[in-house]
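Take a look at the structure set out below.
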Amino acid sequence: MKTKALVFDALSLAYFAALALAAALHPTAREFQHFFQSAARGFGLVAGLLALGGLAAYPFHRFKARTLGSAIFAGPVRDPAPPPPWYRNLAVIHFILLFGLTCYVGGVMTQLSLRDMLDADGLGGAKRLGLALATPNWKVLPDAILATLQTIYMAFLATVFAIPVSFLLSFPAAKNIASRSRAGLALYSVLRLILNVTRSVEALVWAIIFGVWVGIGPFAGMLALFVHSVASLTKQYSEIIECVSHGPVEGIQSTGASLVQELWFGIVPQIILPYTSFTIYRWDINVRMATIVGLVGGGGIGTLLNEYQGEALWHEVGCIIVVIAIVVWLMDSASAYLREAIK
Amino acid sequence: MADSPLIRVSNLQKVYPNGVHALKGVSFDVRPGEFLVVIGLSGSGKSTLLRSLNHLVEPTSGTIEFKGRDITHPDARTARELRTRMAMIFQHFNLVGRHSVLSNALMGALHRTPVWRSMAGLFSEEDRHLAQHYLDLVGIGAKSRVRADSLSGGQQQRVAIARALMQKPEVLLADEPVASLDPATCHTVMDYLRKVNTELGITILCNLHFLSLVREYGTRVIALKGGEIVFAGSPSEIDDAWFARIYGEGAREMHIR
């Protein structure tokens with residue numbers, strides 16, 4: 001706990017130092033790029049900042065100051081002394097500084113500008129576009145509905161294909177099952193790593209990859225959603241397995257049943273409802289994701305939206321937005337209703 | 001050979017990975033057909049002892065013999081076979097709540113049912129009859145179609161007994177079978193355990209808390225304290241002095257009527 005607190009404080013002080021350095025030198029993007037072109041220089045700077053943070057944080061811990069780190073990683077034992085008022089509490093001041101500075105830097109980074117928002121030209125453009133969107137061209141409605149149906153079926157198939165794969169993977173990906181043997185733990189670590197990497201690659205990127213592989217279109221979109229669904233569902237499924245009560249599992253084990261029987265009778269009855277619920281939710285998410293995947297040529301309503309938007313046909317885009325909104329709302333309510341019903 | 005023990009435990013030790021020394025060299029015999037009660041405070045090692053016998057817990061050192069055969073460190077297949085022959089019931093029943101009472105009793109036949117048949121719920125006709133028979137034996141036969149988690153605690157424990165009997169065991173390990181039941185139900189369950197012991201001739205090893213139950217049902221008793229056996233003998237021999245030694249000075253006996 002003490003080490004974690006020290007690391008936290010050191011990191012946050014190193015962060016302050018980095019911000020101070022940036023504020024003092026105010027490097028342009030080009031200068032920044034140039035500096036980090038040498039890996040040694042880059043690592044040197046980062047290591048230097050970290051060392052500085054560590055050096056600065058150390059005396060606080062040496063003299064047992066109430067830093068933010070020690071407040072977060074306090075552990076179960078509380079300091080018996082009453083905390084000082086907030087303006088003299090180091091942890092509170094540290095937090096306000098950290099939060100406030102990060103907000104400020106966030107504003108600078110995102111080029112937050114009221115002037116841009118209230119600019120007359122910009123406002124006029126937004127108004128024109130908004131009006132066009134608000135008066136949809138219903139002539140494209142049949143096309144939009146057909147494309148939406150494609151999107152829904154694409155999402156459905158991706159979910160259905162993902163279910164058995166995730167079901168099987170979820171057992172070795174659950175810590176309580178994996179930790180029974182050394183081989184299990186090894187498999188668990190590898191599986192988790194692969195899943196985390198797969199999940200951190202956006203469905204959008206998968207769609208581009210599969211677009212090259214099987215050709216642009218709904219099939220590529222479906223495969224992209226499938227890969228993403230397997231990674232997400234396996235994680236959610238395995239977390240459910242980690243929460244089952246151990247009693248029934250032990251009960252089945254005590255009868256001399258085999259491992260498969262133990263999982264089938266001890267665990268599966270406990271997870272079947274949460275699994276169904278998460279799966280319905282995943283279909284719902286996939287419909288929304290399919291729209292985004294369509295933007296890069298994954299087929300369905302997203303592709304249609306991209307085409308009209310590219311040609312600045314805002315009345316047609318308006319129609320599509322209405323259709324998407326209705327479908328998302330319907331799917332959302334239906335899935336919530338179903339999940340509530342089977343609880 | 002009436003004297004040869006069914007189970008012989010010698011110098012059994014168990015140290016958990018977190019450093020808890022639950023059993024510090026326990027030795028005793030279990031004789032065929034007896035109703036052996038294990039008493040002791042919570043944390044005295046009773047549960048660990050029972051669980052090491054059917055390998056839900058792996059002992060650290062010492063030996064366990066079953067009918068003269070060393071079963072201390074069996075391979076996975078042998079461990080499953082031994083669990084079948086030494087059935088177990090638990091404080092919290094450990095039934096599959098969403099399955100029916102009959103299905104739960106049939107779980108005791110898993111070891112003799114091929115995996116794919118069991119997964120499809122295809123137990124043999126013989127086992128179905130046997131399950132119903134044992135459910136009738138523990139007086140819960142009329143509820144065989146009901147979901148197990150809709151039963152009361154005492155009823156669930158009787159289903160657990162039926163499941164254990166389905167294994168056709170030689171020994172029944174009962175880990176505090178009545179600790180979460182009310183006093184009246186407690187006696188019902190204990191009466192069925194006695195019935196299993198006397199009528200079916202199944203040897204019983206039972207962890208209990210209440211001395212009054214020990215005196216009523218046990219044929220022999222061993223007492224654990226801090227992972228060691230401090231008493232072994234007949235239940236009637238436990239007087240106030242022994243009670244204080246087992247449970248610590250200042251403890252008072254609770255009576256269950």
Side-chain angles (χ1 to χ4, degrees), chain A residues 1 75-76 163-164 167-168 170-172 174-188 237 240-279 339 341-343, chain B residues 17 47 50-51 53-57 76-100 103-121 147-149 156 159-160 163-169 172-175:
Chain A
M1 277 303 164
I163 293 170
F167 180 85
L168 290 177
S170 65
F171 288 92
K175 185 123 204 196
N176 52 345
I177 307 287
S179 59
R180 289 174 181 215
S181 71
R182 212 157 285 185
L185 270 180
L187 181 61
Y188 166 85
Y237 283 179
I240 299 170
I241 294 183
E242 281 165 9
C243 291
V244 299
S245 85
H246 187 58
V249 186
E250 197 177 36
I252 299 296
Q253 197 185 359
S254 78
T255 68
S258 69
L259 179 66
V260 175
Q261 289 172 327
E262 200 181 311
L263 300 178
W264 184 255
F265 291 102
I267 291 184
V268 171
Q270 295 191 61
I271 58 177
I272 204 78
L273 282 188
Y275 268 37
T276 315
S277 164
F278 270 115
T279 311
R339 281 180 284 137
I342 61 166
K343 220 181 241 172
Chain B
S47 230
L50 247 61
R51 273 152 211 264
L53 288 184
N54 72 348
H55 303 282
L56 290 179
V57 163
R77 178 183 288 272
T78 319
R80 288 207 298 272
E81 179 221 318
L82 288 165
R83 284 187 197 124
T84 311
R85 297 169 71 180
M86 290 189 220
M88 186 150 181
I89 62 173
F90 303 83
Q91 177 181 351
H92 298 294
F93 329 126
N94 291 0
L95 299 179
V96 182
R98 303 185 56 84
H99 279 220
S100 73
S103 164
N104 267 284
L106 280 166
M107 300 287 120
L110 282 179
H111 67 96
R112 55 176 178 263
T113 310
V115 172
W116 68 271
R117 283 191 70 96
S118 69
M119 286 171 81
R147 247 172 79 150
D149 56 8
Q156 289 196 40
V159 176
R163 175 173 77 185
L165 292 178
M166 278 300 285
Q167 296 173 226
K168 302 179 182 164
L172 180 62
L173 308 171
D175 189 13

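Just so we're on the same page: letters track the sequence lines, and every chain starts at 1.
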Do A/Val260 and B/Met119 have side chains that approach each other closer than 4.5 Å (heavy atoms only, starting at C-beta)?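 Side chain of A/Val260 against side chain of B/Met119, heavy atoms only: contact under 4.5 Å found.
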[X], part contacting chain A, at a heavy-atom distance under 4.5 Å:
{"X": "B/Glu81", "result": "neither"}
{"X": "B/Leu95", "result": "backbone"}
{"X": "B/Arg51", "result": "side chain"}

Angle between ring planes, A/Tyr275 versus A/Phe167, binned at 30° and 60°: parallel, tilted or perpendicular? perpendicular
I'd like to know if the side chain of B/Gln167 reaches the main chain of B/Arg83, judged simply by a donor and an acceptor atom lying under 3.5 Å from each other, with no hydrogens or angles considered. yes
With a 4.5 Å cut-off on heavy-atom pairs, point out which of B/Asn94, B/Val96, B/Leu173, B/Leu56 contacts chain A the most. B/Asn94
Find the one option among B/His55, B/Arg77, B/Arg80 whose heavy-atom pairs under 4.5 Å with chain A are most numerous. B/Arg80
Test of understanding: with ring pair (Phe, Tyr, Trp, His ring centres under 6.0 Å), list the residues that count as partners of B/Phe93, not counting sequence neighbours. none
Partners meeting ring pair (Phe, Tyr, Trp, His ring centres under 6.0 Å) with A/Tyr188 (sequence neighbours left out): none
Counting heavy-atom pairs under 4.5 Å with chain B, the top scorer among A/Gly266, A/Ala257, A/Pro248 is A/Pro248
